[in-house]
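Residue numbering restarts at 1 for every chain, and letters A, B, ... go by the order of the sequence lines.
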2 protein chains.
Amino acid sequence: MKVGTLGHAVLGLLTAGSLTGYDLTTTFDRSLGNVWSASHSQIYPELAKLQSAGLIEQTGTGPRGSKLYTTTEAGKSELHRWLGGAVPHETLRSEHMLRVFFLWMVEPADAVAYLRREADRHRDALTRYERAIPYVPLDGHPSERWARIVLEAGLRFDRSMAEWADWAAAEIERDES
Amino acid sequence: MKVGTLGHAVLGLLTAGSLTGYDLTTTFDRSLGNVWSASHSQIYPELAKLQSAGLIEQTGTGPRGSKLYTTTEAGKSELHRWLGGAVPHETLRSEHMLRVFFLWMVEPADAVAYLRREADRHRDALTRYERAIPYVPLDGHPSERWARIVLEAGLRFDRSMAEWADWAAAEIERDES
DNA sequence: TGACTCATGTAAGAAGTTACATGATTCT
DNA sequence: AGAATCATGTAACTTCTTACATGAGTCA
């Protein structure tokens, strides 16, 4: 059976502790959503698939008939195989950048306005990350430390993109004046 | 008819000049591939779809029966509608970051090795971008200037991710010693 | 009691990847 | 002549999004 990225994400989360499909959904919406997301309509079928492949098992029942799942030994071994495997090169895929590529077709003033909005958006994200930092200390549990390292990547990403958008807007404005 | 991101990418490229499906494929493989890519098996059906919707038209024939397409007025108007429209928030989606999120499960030495490889990979990408810069001057044609602005985003992205990976590796190593 | 959150599913369709398939031209 | 590149398509499958559908528990 072939396990995809979503499958590995689920295996990883269920290895740290038993969770329901609903718990997974909210995790993908919040913290983990910054790097990988999935909706409940993807998660429930994935849980069924992983269970029938013997990589996870139902280990209990929660509040209102909710089902708690945990990674099996086979699941952990699959997870570690993935964690140790080769990383295919990841190509950035951004609709925003695609639009920027075509911005020479619009009025320079509109292009600049677009870039300024982009900068603002990245600064907003930056603020959210900064507010989250106190809750994810670098010197806490290993899982927390790594969550913080991922958060730091998001933070640096948004900071550098905000700077880029400001630089680009200034570059276009300089040229128009 | 609903036009997706691929459709807008095609409309944009065909607005700058007539191209064949093959030309589009190579463009998505090279320059534009840094922000948006598509394989020929996606492109040919998309061309058929855009043509039957009247957004592009075949305006000539190339070397060996290849077909040259150009954006129609309706296509240009759809393109401009997209360029001026609202930008839905873009959530970063990275299998690498997902793996980092779970790196507390592997030996610290392996985790550090992973991060160092990541840093190298980003530095390689950085070198490629830097080599491309002379061919895309900031003071050239508008379309070139914007291509350079997009290139600059890629460059800053890879630079900041290389720095991040080095920082994270050092952070883990510091803690282990 | 009515709204909201918790909780789990299915269905239809769009988007993307990989593999299959074919033929013309150019270069060595 | 054979290999590489140019050139265009189709088929099968996986992944992801949006919408449909339902029911239990909680709180004002």
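For the pair A:Lys2 and D:dT15, the criterion of a side-chain N or O lying under 4.0 Å from OP1 or OP2 is met.
When the P atom of D:dA7 is taken as reference, atom OH of B:Tyr69 falls 13 Å away, rounded to whole Å. Taking atom CD1 of B:Ile43 as the reference point, atom C1' of D:dC6 lies 14 Å away to the nearest angstrom. Computed from coordinates, the A:Tyr22 OH to D:dT22 P distance equals 20 Å when rounded to whole Å. To the nearest angstrom, P of C:dA7 lies 14 Å from CG of A:Asp29. Atoms CD (A:Glu46) and P (D:dT14) sit 12 Å apart, rounded to a whole Å. Rounded to an integer number of Å, the gap from CD of A:Glu95 to P of D:dT17 is 13 Å. As a whole-Å value, the separation of A:Arg64 CZ from C:dC4 P is 16 Å. Rounded to an integer number of Å, the gap from CE of A:Met1 to P of D:dT14 is 11 Å.
Place B:Gln42 and B:Asp23 on DNA chain D by their nearest nucleotides, and B:Asp23 ends up nearer the 5' end. The residue among A:Thr5 and B:Thr20 whose nearest nucleotide of DNA chain D lies closer to the 5′ end is B:Thr20.
The side chain of A:Lys49 has D:dT15 as its nearest neighbour among C:dA15, C:dA7, D:dT15. Here the nucleotide nearest the side chain of B:Lys67, chosen from C:dG9, D:dC16, D:dT8, is D:dT8. Which of D:dT8, C:dG9, C:dT25 sits closest to the side chain of B:Tyr44 comes down to D:dT8. Between C:dG16, D:dC16, C:dA19, one nucleotide has an atom nearer to the side chain of A:Leu6 than all others, and that is D:dC16.
Counting non-hydrogen atoms under 4.0 angstrom, B:Thr25 reaches nothing in the nucleic acid. Within 4.0 Å (heavy atoms only), A:Ser39 reaches at least one base atom of the nucleic acid.
For the residue pair B:Thr59/B:Thr70, the side-chain donor-acceptor check at 3.5 Å is satisfied. Side-chain contact, A:Thr20 with A:Asp23: a donor N or O sits under 3.5 Å from an acceptor N or O.
Residue A:Asp120 forms a salt bridge (Lys or Arg N to Asp or Glu O under 4.0 Å) with just one option from A:Arg116, A:Arg123, A:Arg117, and that option is A:Arg123.
No hydrogens or angles were tested; on distance alone, a donor-acceptor pair under 3.5 Å links the side chain of A:Ser41 to the base of D:dT18.
Tracing side-chain contacts under 4.5 Å through hydrophobic residues (I, L, V, M, F, W, Y), one reaches B:Val106 starting from A:Leu13; they form part of the same cluster.
B:His8 pairs by the side-chain hydrogen bond (donor to acceptor under 3.5 Å, both in side chains) definition with B:Glu78, not counting sequence neighbours.
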